[in-house]
Protein chains: 2
Amino acid sequence: MIKSMPGVKQPIVYILDDDPAVRDSLSSLLRSVGLQASVFASVTEFQQTSLAAVPSCLILDVRLQFANGLDFHRQLVAEGIDLPVIFITGHGDIPMTVKAMKSGAVDFLAKPFREQDLLDAIALALQKAEQRLAASSVSDALRNCFASLTNREQQVMRMAVSGLLNKQIADQLNLSLITVKIHRGNMMKKMQARNFAELVRMAEQLSLNKA
Amino acid sequence: MIKSMPGVKQPIVYILDDDPAVRDSLSSLLRSVGLQASVFASVTEFQQTSLAAVPSCLILDVRLQFANGLDFHRQLVAEGIDLPVIFITGHGDIPMTVKAMKSGAVDFLAKPFREQDLLDAIALALQKAEQRLAASSVSDALRNCFASLTNREQQVMRMAVSGLLNKQIADQLNLSLITVKIHRGNMMKKMQARNFAELVRMAEQLSLNKA
DNA sequence: GATACCACTATACCAAGGTATATAGATAAA
DNA sequence: TTTATCTATATACCTTGGTATAGTGGTATC
């Protein structure tokens, strides 16, 4: 059903539930469809694990022994860990569902649920994870390029993409025109921008205008 | 509580519910906090109304007499009518809630709910409506500028922001260099772009690269 | 037929961008 | 000490962008 494609790494489904029976049944369900599962009994146990750099999602019980799944989800989001989350719960209600979905959960399943519903949710979550991974790897590459610039080159890039002429940049930085041109040329090479339009779009992705 | 600010038009809250008692109680609740309400008993009645160009949201009953609120919401989204929607229902369950939230609803309230919860949801919805309105008015202005360009000028703009040199544009369009320069100059004036970087960002907003 | 708009071209000129070569001071690492 | 990197500058040269002026031809509107 789920084939291992060349180039795309094997996805991982994390399961965080304090009930051993649930952990077992879920992980065996996942294995039966060829998905790799990784189970955790507590928030602390999960936090001690470093997440693999593959498309992954988290199946999260709302009511954990020592924690609230919703709060933990919000904490993950606040920490910038963008892991698609699927909630499962035995004691759900509508306000809880709304809260979970507002926080960005992919799905919210009340027990008992159909296995297929969970598998569908996982498929969607992993798809989102792949997209985010692809997007972040692009912007990672961009950030690396930008970080490889010297301070001056970064300054010149910011000012250039904001629309300033070389002459204006030179005035504001108290430099000669030729110096600005050279910084600009080096910057374009390091950023691997084939033309100025491309550079402007890179700056947009890096949100250089805002910061 | 909700003051009429100068410059910001009076928001409208649409109410679509087939129960007259609900319509009455909701609209009097809204009026009591100074909000303008506009009530509808059926989907057809709502569709016959042209929406005002002010921040607005829709309070939508899930179970209507001749229609499904969730489906109607999806239809609105599909038609590009981006009106923040708050669902209310007397017979809700978790899957229904998930479906509504996935479609982009602002909130989902099961009766009986606290009045304050609804008012909070409305405040959030109207805030979103304002943001969308502001964003769309900006891109409307941009689209008007772009539409005011002649065909040639649009072509030249697309090619310029994709990074092509005037010479390359001239070759591809079988024009002389000077003709391209003139189209480009006229285009910059009409787009009110102060520099090329700004033009690239305008093109991004118009998503000229995709289409 | 006059007017307006669009598209296209040419000449001429100036401003701006970009590169190569060469030089030089400052600083930090091997 | 040598090496490397960053910073800054100058001269020279070429390409590209942009504008003004002037003119041609087509099309549509009044």
Side-chain angles (χ1 to χ4, degrees), chain A residues 140-206 208-209 211, chain B residues 140-206 208-209 211:
Chain A
D140 268 11
L142 264 187
R143 264 191 293 276
N144 282 338
C145 278
F146 186 70
S148 79
L149 301 181
T150 67
N151 289 339
R152 267 295 193 235
E153 286 162 358
Q154 291 191 359
Q155 274 182 311
V156 170
M157 173 165 170
R158 285 175 193 278
M159 297 173 85
V161 297
S162 82
L164 295 182
L165 300 178
N166 287 346
K167 201 200 297 182
Q168 298 171 308
I169 298 174
D171 284 352
Q172 289 192 28
L173 296 182
N174 265 311
L175 296 176
S176 78
L177 184 56
I178 185 67
T179 306
V180 173
K181 285 184 178 182
I182 288 175
H183 284 316
R184 188 164 175 163
N186 292 336
M187 174 268 287
M188 289 292 283
K189 273 197 199 93
K190 288 187 186 174
M191 292 300 292
Q192 299 173 52
R194 286 187 299 270
N195 51 59
F196 184 63
E198 209 170 317
L199 188 80
V200 173
R201 279 186 284 267
M202 288 177 177
E204 282 292 286
Q205 280 213 359
L206 291 166
L208 289 194
N209 39 332
Chain B
D140 267 11
L142 263 187
R143 264 191 294 276
N144 283 338
C145 277
F146 187 70
S148 79
L149 300 180
T150 66
N151 288 340
R152 268 293 194 236
E153 287 162 355
Q154 291 191 359
Q155 274 182 311
V156 170
M157 173 165 170
R158 286 175 192 278
M159 298 172 85
V161 297
S162 82
L164 295 182
L165 300 178
N166 286 345
K167 201 201 296 183
Q168 297 171 311
I169 298 174
D171 285 351
Q172 288 192 29
L173 297 181
N174 264 311
L175 296 177
S176 78
L177 184 57
I178 185 69
T179 306
V180 173
K181 286 184 177 183
I182 288 175
H183 284 317
R184 189 164 173 163
N186 293 335
M187 174 266 287
M188 290 292 281
K189 275 197 198 93
K190 288 187 186 176
M191 292 301 290
Q192 300 172 50
R194 284 187 301 269
N195 51 60
F196 184 63
E198 210 171 317
L199 188 80
V200 173
R201 280 186 284 266
M202 288 177 176
E204 282 293 285
Q205 280 213 356
L206 291 166
L208 289 193
N209 39 331

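Chain letters run A, B, ... following the sequence lines, proteins first and then strands; every chain starts at 1. The figures here come from the full heavy-atom set of this structure, side chains too, leaving out hydrogens, waters and symmetry mates. This is a predicted model, so every value here is computed, not measured.
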Requested in this report: Please lay out, stage by stage, how B:V180 and B:M159 fare under the test side-chain contact (heavy atoms from CB on, under 4.5 Å).
Outcome: CA-CA 11 Å; B:V180 173; B:M159 298 172 85; over 6 Å; no

Query raised in the report: Which of residues 162-171 of chain B have a heavy atom under 4.0 Å from DNA chain D?
Result: B:L165, B:N166, B:K167

Report task. Could you tell me whether the side chain of A:M191 reaches within less than 4.5 Å of the side chain of A:L142, counting heavy atoms only? Result -> yes

Requested in this report: Measure from CZ on B:F196 to P on D:dG17 and round the result to the nearest Å.
Outcome: 9 Å

Requested in this report: Evaluate the criterion side-chain contact (heavy atoms from CB on, under 4.5 Å) for residue pair B:R194 and B:L199; output intermediate values, then yes/no.
Outcome: CA-CA 8 Å; B:R194 284 187 301 269; B:L199 188 80; over 6 Å; no

**Report entry** Distance, rounded to the nearest Å, where B:K181 contributes NZ and D:dA20 contributes P
**Finding:** 13 Å

Query raised in the report: When you measure from the side chain of B:Q154 to the backbone N and O of B:N151, does any donor-acceptor pair fall under 3.5 Å?
Result: no

Query raised in the report: How long is the span from the NZ atom in A:K190 to the CZ atom in A:F146, to the nearest 0.5 Å?
Result: 11.5 Å

Query - Side-chain donor or acceptor of B:E153 paired with backbone N/O of B:T150 under 3.5 Å - result: yes

Requested in this report: Ignoring hydrogens and angles, tell me if any N or O in the side chain of B:Q205 forms a donor-acceptor pair with the backbone of B:M202 under 3.5 Å.
Outcome: no

Requested in this report: Give a yes-or-no answer on whether the side chains of A:Q155 and A:R158 include a donor-acceptor pair shorter than 3.5 Å.
Outcome: no

**Report entry** Derivation of the side-chain contact (heavy atoms from CB on, under 4.5 Å) call for B:V200 and A:F196
**Finding:** CA-CA 9 Å; B:V200 173; A:F196 184 63; 5.7 Å; no

Query raised in the report: To the nearest Å, how far apart are B:N195 CG and D:dT16 P?
Result: 21 Å

Query raised in the report: Hey, where on DNA chain C does chain B first and last touch, going 5' to 3'? Cut-off is any atom under 4.0 Å from a heavy atom.
Result: C:dC6 to C:dT11

Query raised in the report: Between the two ends of the helix from C:dG1-D:dC30 to C:dA30-D:dT1, what is the bend in degrees, rounded to 10 degrees, where each end axis spans five pairs?
Result: 40°

Report task. Enumerate the residue pairs fulfilling side chain to side chain donor-acceptor pair (under 3.5 Å) with a member in residues 178-187 of chain B, sequence neighbours excluded, ordered by first and then second residue. Result -> B:N166-B:R184, B:S176-B:T179

Query raised in the report: When rounded to the nearest 0.5 angstrom, what distance separates CE in B:M157 from CG in B:L208?
Result: 5.0 Å

Query raised in the report: Who pairs with A:K167 by salt bridge (Lys or Arg N to Asp or Glu O under 4.0 Å), at least two apart in sequence or on another chain?
Result: none

Report task. Go through B:L149 and B:V156 one step at a time and tell me if the side-chain contact (heavy atoms from CB on, under 4.5 Å) criterion holds. Result -> CA-CA 10 Å; B:L149 300 180; B:V156 170; over 6 Å; no

Output a table of nitrogen or oxygen pairs between the protein and nucleotides 8-11 of chain D separated by less than 3.5 Å.
from, atom 1, to, atom 2, distance (Å)
D:dA8, OP1, A:R152, NE, 2.9
D:dA8, OP1, A:R152, NH2, 2.4
D:dA8, OP2, A:R152, NE, 2.6
D:dA8, OP2, A:H183, NE2, 3.1
D:dT9, OP2, A:S176, N, 2.7
D:dT9, OP2, A:T179, OG1, 3.1

Query - Atom-pair distance (CZ on A:R184; C1' on D:dT7), nearest Å - result: 19 Å

